[in-house]
Amino acid sequence: MPTGRLYGIGLGPGDPELVTIKAARLIGAAEVIAYHSARHGRSIARQVAAPYLRDDQIEEALVYPVTTEKTDHPGGYQGAIDEFYQKSAMRLAAHLDAGRDVALLCEGDPFFYGSYLHMHKRLADRYPTEIVPGVTSVSAAAAQVGQPLAERDEVFTVLPGTLPPAELARRLAETDTAAVMKLGRSFESVRSAFAEAGKLDEAWYVERATTSRQRVAPLSTVDAADVPYFSVALLPSSRRSDRPGCGVTVVGLGPAGRPWLTPEAATAIAEADDLVGYRTYLKRLPDSPRQRKHPSPNRVEAERAALALRLAQEGRRVAVVSSGDPGVFAMATAVLEVACQPEYVDVPVTVLPGVTAAQAVASRIGAPLGHDYCVISLSDRLKPWSAIERRLAAAAEADLVIAIYNPASHTRRHQLVDARDLLLKHRDPDTPVVIGRDAGGPAESVRAVRLEDLDPSEVDMRTLLIVGSSQTRMAERDGRQIVFTPRRYPE
Ligand code: SAH
């Protein structure tokens, strides 16, 4: 006579509606229903399966002799448990030998830390066996917390809470998301491992997920004394991914025009919900009915940065625009400075590079930046004039080529006069100076003069200067003025 079949039936986390159709069918069909239970006799598994049971089925309750209490078994706790599993296997084997199918019920998934595994090890090599997978408590808990377990290339780690705390902390620190099983008595060490890994604030506690006695709470708020075995700690995919791409991207528009906007920057702008920036720069971008523009006047960088970070906290994708490169006298630092305040620590900030004015101007006239050079802003709005003088003198002394940003404005007029006089103390009057205005724009003009002939009244806010070194050469090619700094420097 053929033997019966052993079914390891996953019942899911507790809600009878989360029992699979296949599990329900096999539970209804089996002649023997087996389940583990504690000594009080109530079996969670049987309760979940109850809607699918028939009255005439044989029930085999496999009652644990011990759980956490002391035992007088000569082999201690392990001895008592081993004997129990051996006897249970013999009881089920008797049914299988007699040709009866046995459905062994198991919470969650049988192959995922399932109590079923003890019987599987003792019977599966002797009887035809089939596993019916179930919804795990981890999936259920994530669904109840309402945050994804893992997305994109995130690494998800499953950990038993019974690991040594240092091991737990190490693994929690390394992973992106995690579930910690078997809390119960290990709860306190699990919680301290989360704290040590710096992830306690993001972690959730879920007890008896999807049952009528379910409890969901931030892990940090749970009283260790109330924690049952049927609970998990979750480190879900965090706010980072509440909405893909939300956060602040600081984008460099290049010095002028579409050709000098990188494809990466163009994509970031196209994907943004909100565009934040100095109004002159925002005007360079087309209006889209899908996007909000938040123009601001010049010189309010910190307020602009805070606005961008607040918008991102509301789940919006924000692009903060700068001209040129955002890291060169522009918004990248302003945003990062404000982003370091505690209230904005959760906001992702990305900086995308752009072509800076110095590169743009240099390219139009040759290669004046072809050797060592430095970059100095002549604006004394955010630093004292004495620091600017000191740096100009040091750069001139070091024979660096000097790219000068913000050389003058309507109100800042004396600075360039003073700077030229200071440079003339160190540099030959014949030193080439490139005057680049509106490079790439409609009013572009880029030409070179002798340092002595530099006329500050020709220079405005839209101008960048490149002061040559002792080696920088001016020449004519094809009727066109060129300036370059040789790569070789004399001994
Ligand atoms: N983040 C910008 C610089 C901002 S400071 C960048 O990387 O280019 C502003 C100064 O940049 C201006 O005063 C001027 O000196 C220079 N500048 C910006 N765009 C320019 C252009 N198209 N032509 C010449 N100079 C420019």
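One-based numbering, in listed order, for ligands and for the atoms of each. Note that the numbering runs from 1 along the sequence shown for the chain.
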Please list the nearest protein heavy atom to [atom] with its residue and the distance rounded to 0.1 Å.
atom	result
atom 3 (C) of ligand 1	Val328 O, 3.5 Å
atom 19 (N) of ligand 1	Arg462 NH1, 3.4 Å
atom 10 (C) of ligand 1	Asn406 OD1, 3.5 Å
atom 12 (C) of ligand 1	Met461 O, 3.1 Å
atom 16 (C) of ligand 1	Ala357 CB, 3.8 Å

Thinking salt bridges, do [X] and [Y] make one under a 4.0 Å N-O criterion?
X	Y	result
Asp399	Arg427	yes
Arg316	Glu314	no
Glu202	Lys199	no
Arg191	Glu188	yes

Determine whether the side chains of [X] and [Y] contain a donor N or O and an acceptor N or O closer than 3.5 Å.
X	Y	result
Glu207	Gln214	no
Ser189	Ser192	no
Gln313	Asp346	yes

Practice task
Could you tell me whether the side chain of Thr211 reaches within less than 4.5 Å of the side chain of Val48, counting heavy atoms only?
Solution key: no
Please determine whether the number of non-hydrogen atoms from other residues, nucleotides or ligands lying under 6.0 Å from atom [atom1] of [X] exceeds 12.
X	atom1	value
His410	NE2	no
Arg258	CZ	no
Gln291	CD	yes

N/O separation below 3.5 Å, [X] to ligand 1:
X	answer
Ile404	no
Ser322	no
Ala439	yes
Tyr405	no
Phe329	no

Fill in the blank from the handout: Logged contact type for Ala330 with ligand 1, heavy-atom cut-off 4.0 Å, is side chain
Exercise for the section: Of the side chain and backbone of Glu444, name the one, both, or neither that has a heavy atom under 4.0 Å from an atom of ligand 1. Expected result: neither
Completion exercise
Checking heavy-atom distances from atom 15 (O) of ligand 1 to each of Leu464, Thr463, Asp325, the winner is Thr463
Exercise for the section: May I ask which of Gly252, Pro326, Ser323 has a heavy atom nearer to atom 2 (C) of ligand 1 than the others do? Expected result: Ser323
Just which atoms of ligand 1 are under 4.0 Å from any heavy atom in [X]?
X	result
Pro255	22 (N)
Thr356	6 (C), 7 (O), 8 (O)
Gly436	24 (C)
Pro407	15 (O)

Exercise for the section: Could you tell me how the ring of Tyr116 sits relative to the ring of Phe111: parallel (under 30°), tilted (30 to 60°) or perpendicular (over 60°)? Expected result: tilted
Problem - Any Gly440 heavy atom less than 4.0 Å to ligand 1 - result: no
